[in-house]
Amino acid sequence: MAGYDHQAIEAKWQAYWADNKTFATPKDRSRPKYYVLDMFPYPSGVGLHVGHPKGYVATDVVARCRRMLGFNVLHVMGWDSFGLPSERQAVKENRSPQEITARNINTFKRQLTMLGLSYDWDKELATSDPSYYKWTQWIFAKLFEKGLAFEAEVPVNWCPALGTVLANEEVKDGVYIETGDAVERRNMRQWMLKITDYAESLLATLPEVQWPEGIKKMQQDWIGRSEGAIVRFEVPGNNRQIEVFTTRPDTLFGCSYVVLAPEHPLVSEITTKDCQAAVADYRAEVARRSDRDRTSDAADAPKTGVFTGAYAVNPINGEKAPVWIADYVLVNYGTGAVFACPAHDERDYAFAKKFELPIIEVVRGGDISQAAYTGDGPHVNSGFLDGLNNVDAKRAAIDKLKIGGQGDATITYRLRDWLFSRQRYWGEPVPVIHVDGQTKVVPVDQLPVQLPVLDDYRPTSDGQPPLARAIEWLKTIDPETGKPALRETNTMPQWAGSCWYYLRFIDPTNDNAAWDPEEEKYWMPVDLYVGGAEHATLHLLYSRFWHHVLHDLGLVSTREPFQRLFNQGMIHGTSFRDARGKYYSRDEVEERDGQWFGKSGEPVSARREKMSKSKLNTADPADLCRDYGADSLRLYELFMSPLEDGGDWETTGVAGCRRFLDRVWRLATEGNKLTDAIVEAPELERALHNAIRKVRQGVESLKFNTAVSEMMVFVNEATKAEHVPKAYFEDFVRILSPYAPHMGEELWRLLGHSNSVAYATFPEYDEAKLVHDTITIAVQVGGKMRGSVEVPAGSDDATILAAAKADANVQRHLDGKTIRREIVVKGKLVNLVL
RNA sequence: GGCUGAGUGGCGAAACAGGUAGACGCGCCAGACUCAAAAUCUGGUGGUGGUGACACCGUGCCGGUUCGAUUCCGGCCUCAGCUACCA
């Protein structure tokens, strides 16, 4: 009998699945549904490495098991294909982003197909496809009509070298993370989405979803709900009011000064003549500094600021407080102004110390000569608040301010509105036109607003977005009035397409609607969503926001899009670097006595790092499929570590999984090991049922590594056995097939079945079959292991104790001593306490 | 600085609900097959001591609860991720 020829088997079954449309999404609606979704990839130019498919393999196992358990499964893949890297690649190669994207998608699809993933490829979609972004634009129109999309002059990250705005996440340490080009702040007209209107809504349903607690916490913190008060300080002689936001209105009596953000609009109005020069200098200096410099590590940096010459009246006691400006107050949080109570706020304390401003204690409990005290305590020096604790004092202070019309309780959020435009080519055009100084949304029957073909994808020389180059495209007619109009040259950010793709997957070829409402009702929500934790606060918050809006518009049936979320860990590879930081690939180094050296003898250091082409530590799935087979690769991806942990890649581990599959193959093909005869094989049967149980539980708990182990245990037992009942092996093939689907199909066929194993029923396990006839009881004397005894299952305590005491080694340790207490744990152990 | 998660053999890891720590795999060692090697198969493999049965130590560190702690509680150390003056 021929050996296990993975290449022939895998090619054969992949062709079979494609030809027979084995994984077409079922149309009947009588069965329960299961929607299992991967975070779809951005098809980059470098292709996949073994780190990417871990989540895909996991969801594929879930999808395959669910089909066998009788569910209608929606399991699909698509491409998040708009984005800057393709545009930059296009400029570099002097080709169109369309071409580059098509090429990259091809590569990705080929790599994924090789893995035998059971996607319904008829539902494949790409966000850069006009038939897709037509509906992204349609949703934008809905947001615009609801007043949730608006234009504003806002500071952005402008990269002069690239001639484009960058997203915050693309900028670190004041430079673009990809190229190292400098980034500066600049005010520009931008599209914004009013996600802040949904802050409460996004918090409200967070407890309902089955997500990792850490991710929920991150979203909560990102939204950053904060209860406090608005307090109005009059500026005498100016007829102006400074509104401050505070969470500590109880400490108002400790106010020794007021601080405005340097960019605060009132600054120029209240600054006195003799302070104007200093204030202007300070504001200029702050403007030069990047956001990063102002925030990161800034908490430890010395505080800066200048006095404006103005005073404001504290409404709680009528006292005058000097007004300063300082960059530790942020213009875009709260009201952009604070009152300072140095005694009970660390930042104010540092500032007051530096500029020698008064520090007035109003809450007992700390030593304000040493540090600010932020804890609770009885109030002092606070008039009507004296003696109250923090909570009561807050309430009392707010009540007083309310009566005087000088303030009120309020809630602010850390969450900012979403900057929703990019000055780039390769994104969805914002579907609006500008006419007579008005912005109008393009009617749905004229969507999509297609990207024009350009021969140059760079920004214009005067800094306009690339779309400004399309003169013909740019000029249009207002369909309402017939007047000439201009199209919008901004495009949407990459997050737009991924905000709703899970909805389009339900009905991806629909030309008349974004999705069919009936289909949406059947499939939503996504039952299981798997992807990296790096999307915790961006993609996952943005899509929840859109979904909430769509729900309010009655367009979707659920409040939340993703019922269960699971984060897969990051796979690391071993990288090698010499003293100068140059990377070496695995075959350029060798190990001698635990030390690594390059080919010419130079020492290199080995370390585990995130896989990347530039670190020469990637493993190519295609190579592994060729050498070991996709089934071996799939098994190792899941066996190497729990899904959430990622782990370190070792190709020898794939070889181990290959050996396991070789053993499975031999069981089925060598000699006449499989038998139709009834054979007494309790150990083997127990191993089988244990494996079924683990694989079954794996579908719920997503613990695939231990499921694979238990299948290995079964195969080890079966290999040792003289004969293996065919019925056992059939059940085993069923549970193996979601993990190693090609071999599963081949063996299923070998066992005489003519249909695909993909829809075979999932075997049941029998608790009774898991129980041993005799059980091993551990015996402890005084809490220390002293032996173990075999007793029949179901023995009573007395029998177990007698057996335990009869053990020779136990007797030795009991010798001449009195047993004070006897503890018997059924089926587990005996502890004889002396 | 804050929040979150994690520390178990040479390595990846397992341990259901407080009950025999290290399943399964990698690597390594020995044996079988082979002229030999590879592949495969069989056995062994936490450390120390002992010919041995066994004994002692061992789940980051210190302490606590318990007959019994990888698991629960308190304090600390290290690493990773996120966040960064949010009033």
Side-chain angles (χ1 to χ4, degrees), chain A residues 3 212-215 217-218 220-222 224 226 228 244-248 251 259 292 294-301 303 326-330 332-341 344-348 350-351 412-416 533-534 536-537 567 569-570 572 594 635-636 639-642 644-657 659-660 662-663 666 693-694 697 701 703 705-713 715-716 719-720 776-788 808-809 812 820-834:
Chain A
E213 287 307 313
I215 301 285
K217 180 84 167 54
M218 279 167 76
Q220 250 177 44
D221 291 348
W222 192 263
S226 177
V244 305
F245 173 72
T246 179
T247 55
R248 295 294 305 273
T251 63
V259 194
R292 168 93 190 178
R294 258 186 82 173
T295 54
S296 176
D297 298 317
D300 314 321
K303 298 269 182 288
D327 70 351
Y328 82 89
V329 174
L330 307 175
N332 49 8
Y333 180 76
T335 59
V338 303
F339 86 81
C341 176
H344 306 290
D345 181 283
E346 283 160 24
R347 296 151 303 189
D348 298 341
F351 192 86
T412 57
Y413 302 88
R414 207 192 72 113
L415 185 69
R416 308 283 148 80
E534 66 272 19
T537 46
N567 296 122
M570 178 120 51
H572 292 224
L635 276 168
Y636 180 64
F639 178 62
M640 64 184 291
S641 63
E644 65 272 31
D645 283 354
D648 299 321
W649 186 265
E650 289 295 344
T651 295
T652 51
V654 184
C657 290
R659 277 195 279 276
F660 163 68
D662 277 330
R663 279 198 289 275
R666 282 199 300 273
R693 187 173 130 254
K694 274 291 185 182
Q697 287 173 350
S701 62
K703 283 186 179 167
N705 54 334
T706 49
V708 176
S709 307
E710 293 305 328
M711 288 195 278
M712 286 173 169
V713 171
V715 170
N716 290 347
T719 301
K720 274 186 236 161
T776 311
I777 302 285
V779 187
Q780 297 181 340
V781 179
K784 295 214 173 207
M785 278 298 301
R786 294 305 177 195
S788 60
N809 199 44
R812 213 161 58 78
R820 294 210 335 253
R821 208 170 142 194
E822 295 168 340
I823 291 160
V824 180
V825 182
K826 273 253 173 318
K828 299 259 166 144
L829 66 59
V830 168
N831 189 8
L832 305 171
V833 184
L834 300 178

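Proteins come first, then strands; the chains are lettered A, B, ... in the order of their sequence lines, and each starts at number 1. Everything quoted here is computed from the prediction, not taken from an experiment. Atom set for the values below is all heavy atoms of this structure, side chains included, hydrogens, waters and symmetry mates excluded.
- Comparing B:A87, B:G25, B:C67 by their nearest atom to the side chain of A:Phe639 picks out B:G25.
- Nucleic acid contact class of A:Lys828 (heavy atoms, under 4.0 Å, all strands): base.
- Salt bridge annotation for A:Arg666-A:Asp662: absent, with no cationic side-chain nitrogen under 4.0 angstrom from a carboxylate oxygen.
- When heavy atoms are screened at a 4.0 angstrom cut-off, A:Asn332 is found touching no nucleic acid atom at all.
- In this structure, A:Phe351 and A:Tyr328 have tilted ring planes: the angle between them lies in the 30° to 60° band.
- Comparing B:G25, B:G68, B:U20 against the side chain of A:Met712 picks out B:G25 as the nearest.
- Nucleic acid contact class of A:Thr706 (heavy atoms, under 4.0 Å, all strands): sugar-phosphate only.
- With distances taken from any side-chain atom of A:Arg821 to the nucleotides B:C67, B:C3, B:A87, the minimum falls on B:C67.
- Nucleic acid contact class of A:Thr776 (heavy atoms, under 4.0 Å, all strands): base.
- The side chain of A:Asp648 approaches B:G12 more closely than any other nucleotide in the set B:C41, B:A13, B:G12.
- Nucleic acid contact for A:Gly656: sugar-phosphate only, since backbone atoms but no base atoms lie under 4.0 Å from a heavy atom of the residue.
- For A:Ser709 against B:A23, a side-chain N or O and a base N or O form a donor-acceptor pair under 3.5 Å.
- Side-chain atoms of A:Asn705 lie closest to B:A14 of the nucleotides B:U20, B:C85, B:A14.
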